[in-house]
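In what follows, chains carry the letters A, B, and so on, assigned in the order in which the sequence lines appear, proteins first and then strands, with residues in each chain numbered from 1.
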Number of protein chains: 2
Amino acid sequence: MKSKLSILKIGGNVIEDEQKLDIFLNAFAQLEGVKILVHGGGKKATDLSSQLGVETIMHKGRRITSNENLEIITMVYAGLLNKSIVVKLQANKCNAIGLSGTDGNSISAVKRPVEPIDFGFVGDVRKVNDNLINLFLSNAITPVFCALTHNNKGQLLNTNADTIAAEIAIAMSDKYDTELIYCFEKKGVLNDVNKADSVISKMNSADFETVKENGKVHEGMLPKLTNAFYALENGVKAVCIQNYGSIGFPGPNGTTITL
Amino acid sequence: MKSKLSILKIGGNVIEDEQKLDIFLNAFAQLEGVKILVHGGGKKATDLSSQLGVETIMHKGRRITSNENLEIITMVYAGLLNKSIVVKLQANKCNAIGLSGTDGNSISAVKRPVEPIDFGFVGDVRKVNDNLINLFLSNAITPVFCALTHNNKGQLLNTNADTIAAEIAIAMSDKYDTELIYCFEKKGVLNDVNKADSVISKMNSADFETVKENGKVHEGMLPKLTNAFYALENGVKAVCIQNYGSIGFPGPNGTTITL
């Protein structure tokens with residue numbers, strides 16, 4: 001029987017709020033069993049860009065990454081945010097190690113084709129180094145990934161953190177029963193984005209088709225849900241979308257995703 | 001018999017010059033045997049500070065580190081510089097992993113006492129995690145350290161890179177025959193700082209006392225030499241000060257330090 005591995009992802013809204021981040025990291029440190037954290041970026045990179053007079057261009061919520069943007073992202077994601085998270089987990093007795101995809105060749109990617117949209121230095125994951133991750137986990141070390149990968153040819157690439165979390169969960173599924181938990185500031189996927197308690201407790205792929213058609217789910221949730229189903233279709237045992245303050249599977253709240 | 005481990009340190013003058021850095025990283029990637037790289041910071045953090053309107057205060061060549069300075073250093077050292085080095089080593093087929101002292105609890109430190117000078121968030125090394133480093137080395141992974149440590153209580157600390165290199169070399173001396181190589185833009189310790197070829201090929205502790213008294217050696221070399229003798233006195237097998245483009249021990253050039 002395989003042992004359980006939890007892969008958690010937190011996004012910008014939790015990272016930007018020091019109190020929320022502390023609550024989450026405390027809960028994460030106490031989570032039993034082997035685990036991995038993936039974190040997004042948030043407003044800090046955009047703030048630093050504007051302080052430095054570097055333009056931030058978004059296309060459908062995704063950052064178009066120039067060389068200057070990539071430098072800033074590398075400073076903020078792999079430097080400030082990643083190390084701030086790791087140092088707090090260490091203080092919480094969780095033996096965390098911060099990683100970008102180039103560290104130990106942990107996540108290889110290919111630069112996204114420039115057609116139909118040139119996203120610049122954005123990468124799509126090609127290979128997760130499951131042996132390296134397993135080396136950490138089997139030595140009681142908890143990997144903390146930021147949203148950067150590399151192409152094995154000397155180029156760092158900006159990569160969506162939701163996707164990195166899904167790809168890591170899939171890659172580790174041969175060795176572990178993997179559980180993927182997307183954590184954010186809401187209580188789960190909401191039926192009505194204006195009603196904090198309108199949590200949809202379970203969603204399957206048929207439900208997902210329905211909400212995509214009727215437009216009932218907030219647009220920002222769609223890529224997360226797409227990643228959730230992609231993970232389940234590729235060997236991940238369980239996926240849940242939960243509040244940052246109440247994590248764990250099966251959780252007391254949140255939305256459980258099933259095929 | 002113990003096997004050989006090389007610990008190399010490069011400073012700001014090499015890192016700031018892309019061509020020099022590429023030459024060094026190429027040579028480092030090809031260096032045989034197990035190895036560790038420690039890198040300093042350089043001008044980039046100071047440049048970013050002035051762009052952001054954050055004051056940089058130095059005391060005898062050492063940075064006084066406010067909370068704002070520490071954020072910038074974390075972005076530049078652990079983010080931009082560390083990942084730029086790792087991604088290039090990966091492209092050179094060297095399986096590098098970037099680390100600050102909080103990652104995997106690799107280097108613990110204590111904040112320096114505020115008397116006689118309050119250096120702010122500056123740390124003095126207390127413990128190098130030799131087991132973690134050995135885990136990497138025995139799995140053909142090459143650690144690349146930036147000049148940040150932590151205090152195990154949630155605080156990152158700015159720590160001199162020359163000292164980190166010496167402390168790592170000392171800590172690994174139980175398991176390996178360690179060789180510490182300080183690499184910089186000159187050919188070695190110079191008899192006359194204005195004559196690039198006036199390399200002192202060997203220096204022992206008596207010579208060091210002499211040059212300290214007669215002031216013949218450039219002031220900036222003194223902390224590096226102090227670290228070199230400290231390392232030799234604490235179990236490190238060999239120390240050399242070499243040019244970035246011609247590394248390896250015993251090297252074709254450079255200054256060999258002996259007790």
Side-chain angles (χ1 to χ4, degrees), chain A residues 22 25 44-45 48 51-54 70-106 108 129 131-132 135-136 138-144 146 148-157, chain B residues 22 25 44-45 48 51-54 70-106 108 129 131-132 135-136 138-144 146 148-157:
Chain A
D22 284 349
L25 292 177
K44 180 83 190 174
L48 184 60
Q51 278 182 281
L52 296 173
V54 174
L70 186 68
E71 276 207 359
I72 289 168
I73 286 170
T74 305
M75 293 199 286
V76 174
Y77 295 2
L80 188 61
L81 299 180
N82 191 262
K83 299 318 162 201
S84 302
I85 289 171
V86 170
V87 80
K88 284 183 176 178
L89 287 175
Q90 286 286 345
N92 276 326
K93 309 285 178 216
C94 170
N95 190 11
I97 189 166
L99 299 165
S100 73
T102 192
D103 295 302
N105 190 26
S106 54
S108 303
N129 189 342
N131 288 325
L132 178 73
L135 178 70
F136 290 131
S138 56
N139 282 280
I141 299 170
T142 298
V144 176
C146 68
L148 281 168
T149 59
H150 79 146
N151 72 348
N152 296 84
K153 292 172 189 164
Q155 181 64 57
L156 293 167
L157 294 165
Chain B
D22 284 348
L25 293 177
K44 180 82 191 178
L48 184 61
Q51 279 181 280
L52 296 173
V54 174
L70 186 67
E71 277 208 358
I72 289 168
I73 286 170
T74 305
M75 292 200 286
V76 174
Y77 295 2
L80 189 60
L81 299 180
N82 191 263
K83 299 317 162 201
S84 301
I85 288 170
V86 170
V87 79
K88 283 183 178 179
L89 286 175
Q90 285 286 345
N92 276 328
K93 310 285 178 214
C94 170
N95 192 11
I97 190 166
L99 299 165
S100 73
T102 191
D103 295 301
N105 189 27
S106 53
S108 301
N129 188 342
N131 288 325
L132 179 73
L135 178 69
F136 289 132
S138 56
N139 283 279
I141 298 170
T142 298
V144 176
C146 68
L148 282 167
T149 60
H150 79 146
N151 72 347
N152 295 83
K153 293 171 188 165
Q155 182 64 56
L156 292 168
L157 294 165

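Interface remark: B/Leu132 contributes side-chain atoms only to the contact with chain A (heavy atom separation under 4.5 Å). Heavy atoms of B/Asn131 lying under 4.5 Å from chain A are absent altogether. There is no contact between B/Tyr77 and chain A, counting heavy-atom distances below 4.5 Å.
To the nearest 0.5 Å, atoms CG (A/Asp103) and CG (B/Asn82) are separated by 6.5 Å. Between atom CG of residue B/Leu99 and atom CG of residue A/Leu99 there is a gap of 8.5 Å, rounded to the nearest 0.5 Å.
By number of non-hydrogen pairs under 4.5 angstrom with chain B, the leading residue of A/Asn151, A/Thr74, A/Leu80 is A/Leu80. By number of non-hydrogen pairs under 4.5 angstrom with chain A, the leading residue of B/Asn105, B/Ile72, B/Leu148 is B/Asn105. Of the listed residues (A/Lys88, A/Met75, A/Gln51), the greatest number of heavy-atom pairs within a distance under 4.5 Å of chain B belongs to A/Met75. Interface check for chain B: of the options A/Asn152, A/Leu135, A/Ile141, the most heavy-atom pairs under 4.5 Å are formed by A/Leu135. Ranked by non-hydrogen atom pairs under 4.5 Å with chain A, the options B/Pro143, B/Ala96, B/Ser106 are led by B/Ala96.
Ion pairing between a basic and an acidic side chain is recognised when a charged N comes within 4.0 Å of a carboxylate O; A/Lys83 and B/Glu71 show no such pairing.
Shown here for A/Thr102 and B/Val87, the closest heavy-atom pair between the two residues is OG1-CA, 3.3 Å. The nearest pair of heavy atoms linking A/Gly154 to B/Ala91 is N-CB, 3.4 Å.
With sequence neighbours excluded, the residues satisfying side-chain hydrogen bond (donor to acceptor under 3.5 Å, both in side chains) with B/Asn95 are B/Gln90.
In this structure the side chain of A/Leu48 reaches within 4.5 angstrom of the side chain of B/Leu52, judged on heavy atoms.
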